[in-house]
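Here is the naming used below: chain letters follow the sequence lines, and residue numbers restart at 1 for every chain. When reading the values below, keep in mind they use all heavy atoms of this one structure, side chains included, and skip hydrogens, waters and symmetry mates.
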Amino acid sequence: MVTLTFPTPAPAPQSEAELLSRCRLLAGKTLAELAAEHDLRVPVDLRRAKGWVGSFLERLLGATASSRAAPDFEALGIEMKTLPVTEQGQPVESTFVCTIDLLEIGDLEWDESRVWRKLARVLWVPVLGRRAVPVSERRVGTAFLWTPSQQQREWLKFDWEELAGVIGSGELEKLTGHLGKYLQVRPKAANSRARRRGTDAEGFSYDALPRGFYLRPSFTAQVLDEHFGLGPGGAADH
DNA sequence: TTGTGATCATCT
DNA sequence: AGATGATCACAA
């Protein structure tokens with residue numbers, strides 16, 4: 001068998017140092033090179049494999065929480081996010097954070113929110129993500145561990161409270177992707193017919209389109225800039 | 001069926 | 001071009 005989709009999962013890293021050490025082995029390599037090391041094939045395009053890059057790299061690094069609501073590196077309390085970037089190190093896409101429990105979010109505080117828990121400690125893995133570049137030729141960049149700065153926490157908390165407030169007051173249907181400076185709410189579902197229990201303005205539950213929180217590219221661009229110490233236009237991928 | 005991994009595809 | 005809304009695969 002030489003056409004498996006994913007590699008055998010690596011053992012979980014035992015420390016942050018070990019995790020970062022593994023990341024250094026990936027940096028600068030193309031997805032084709034990494035796939036070849038494990039006798040795998042890279043998808044020709046991502047239309048039917050949208051999460052492939054993230055899942056592939058998670059297994060190479062030894063993430064433990066495959067598709068469970070837990071940190072990717074559970075023992076280390078670290079969430080991993082691949083971040084598609086241009087050759088200049090600019091994010092190509094928004095970053096999905098988590099789904100939203102529409103019935104409960106109005107009763108939560110920021111400090112106990114899934115957004116905060118997920119973003120408190122993140123391993124960012126930049127990967128060339130321009131659509132014009134064939135998936136197999138996309139290079140993995142230099143990964144790094146990140147904890148939000150005080151200001152970033154305040155920005156995220158501000159947006160989260162506004163967005164959670166709209167949902168909590170039953171006005172989900174008025175909420176669009178336009179709201180929120182750095183954090184936004186967008187559909188997160190198999191398709192537009194999917195439904196999840198929500199609450200309307202009168203407090204009655206109804207079947208709503210499932211939503212999730214996403215980080216805007218303007219936020220992740222700042223994360224990259226501050227880590228790599230580059231201004232706009234700098235190269236951060238490898 | 002739901003959450004995680006995201007990117008696609010269309011509209012402005 | 002950039003952003004919003006829609007969509008696809010997999011695992012538990």
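One atom, CZ of A/Arg47, and another, C1' of C/dA6, lie 15 Å apart when rounded to the nearest Å. At whole-Å resolution of the value, CG in A/Asp45 and P in C/dT7 are 18 Å apart. Per the geometry, CZ belonging to A/Arg211 stands 17 Å off P belonging to B/dT4, to the nearest Å. Between A/Phe56 atom CZ and C/dC10 atom C1' there is a gap of 16 Å when expressed in whole angstrom units. Counting to the nearest Å, the C1' atom of B/dT4 and the NZ atom of A/Lys81 are 7 Å from each other. Following rounding to the nearest Å, A/Lys50 (NZ) and B/dT7 (C1') show an atom-to-atom distance of 5 Å. The distance from atom CG of A/Asn191 to atom C1' of B/dA6 is 16 Å, rounded to the nearest whole Å. Taking atom OH of residue A/Tyr214 and atom P of nucleotide C/dT7, one finds them 12 Å apart after rounding to whole Å.
Closest heavy-atom contact between A/Lys81 and A/Val122: CG-CG1, 4.1 Å. In terms of heavy atoms, A/Leu224 sits closest to A/Pro126 at CD2-CG, 4.3 Å.
Atom OH in A/Tyr206 sits 8.0 Å away from atom OG1 in A/Thr199 (nearest 0.5 Å). Distance CG/A/Leu215 to CZ/A/Phe96: 10.5 Å, rounded to 0.5 Å. To the nearest 0.5 Å, atoms CD (A/Gln152) and OH (A/Tyr182) are separated by 9.0 Å. In this structure, CD1 in A/Ile78 is found 9.5 Å from CG in A/Asp72, a value given to the nearest 0.5 Å.
Cluster membership for A/Trp155 and A/Val223, using ILVMFWY side-chain heavy atoms within less than 4.5 angstrom, is shared. The hydrophobic cluster containing A/Val53 also contains A/Leu60, counting ILVMFWY residues as joined when their side-chain heavy atoms lie under 4.5 angstrom apart, directly or transitively.
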Below 3.5 Å is the cut-off: list the nitrogen or oxygen pairs between protein and nucleotides 10-12 of chain B, distance only.
none

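Against DNA chain B, the stretch residues 92-107 of chain A makes heavy-atom approaches under 4.0 Å through A/Glu93, A/Ser94, A/Phe96, A/Thr99. Contacts between residues 175-188 of chain A and DNA chain C, defined by a heavy-atom separation under 4.0 Å, are made by A/Thr176, A/Gly177, A/His178, A/Gln184, A/Arg186, A/Pro187, A/Lys188. Within a heavy-atom distance below 4.0 Å of DNA chain C, no residue of residues 154-171 of chain A is found. Heavy-atom distances under 4.0 Å link DNA chain C to A/Ser192, A/Arg193 of residues 192-200 of chain A, given in residue order.
Residues A/Leu209 and A/Arg48 each lie close to DNA chain C; by heavy-atom proximity, the contact nearer the 5' end of the strand is made by A/Leu209.
For the side chain to side chain contact (heavy atoms under 4.5 Å, CB included) with A/Phe219, the qualifying choice from A/Leu156, A/Thr95, A/Leu183 is A/Leu156, the only one to do so.
At the phosphate of B/dT4, OP1 or OP2 sits under 4.0 Å from a side-chain N or O atom of A/Arg114. In terms of phosphate contacts, A/Ser55 brings no side-chain nitrogen or oxygen within less than 4.0 Å of OP1 or OP2 of B/dA6. The side chain of A/Arg216 contributes an N or O atom lying less than 4.0 Å from OP1 or OP2 of C/dT4.
Between A/Arg196 and A/Asp207 no salt bridge is recorded (no basic side-chain N to carboxylate O distance below 4.0 Å).
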Report task. Could you give me the CA-CA distance, side-chain angles and deciding distance for A/Gln222 and A/Gln151, then say whether side-chain hydrogen bond (donor to acceptor under 3.5 Å, both in side chains) is met? Result -> CA-CA 12 Å; A/Gln222 290 184 28; A/Gln151 174 154 73; over 6 Å; no

Query raised in the report: Between A/Val44 and A/Val135, does a side-chain contact (heavy atoms from CB on, under 4.5 Å) hold up when you go through it step by step?
Result: CA-CA 7 Å; A/Val44 173; A/Val135 180; over 6 Å; no

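For the pair A/Lys181 and A/Phe158, the NZ or CZ position fails the cation-pi test of under 6.0 Å to the six-membered ring centre and within 45 degrees of the ring normal.
In this structure, A/Trp160 and A/Ile105 have side chains that are in contact, with non-hydrogen atoms separated by less than 4.5 Å.
In this model, no donor atom of one side chain and acceptor atom of the other lie less than 3.5 Å apart for A/Ser136 and A/Arg41.
Looking at heavy-atom distances under 4.0 Å, A/Ala190 makes contact with a base. A/Pro210 comes within 4.0 angstrom of no nucleic acid atom, judged by non-hydrogen atoms across all strands.
Note: A/Phe144 and A/His227 have parallel aromatic rings, judged against thresholds of 30 and 60 degrees for the angle between ring planes.
Remark: A/Glu137 pairs with A/Val133, A/Pro134 by the side-chain contact (heavy atoms from CB on, under 4.5 Å) rule, at least two apart or across chains.
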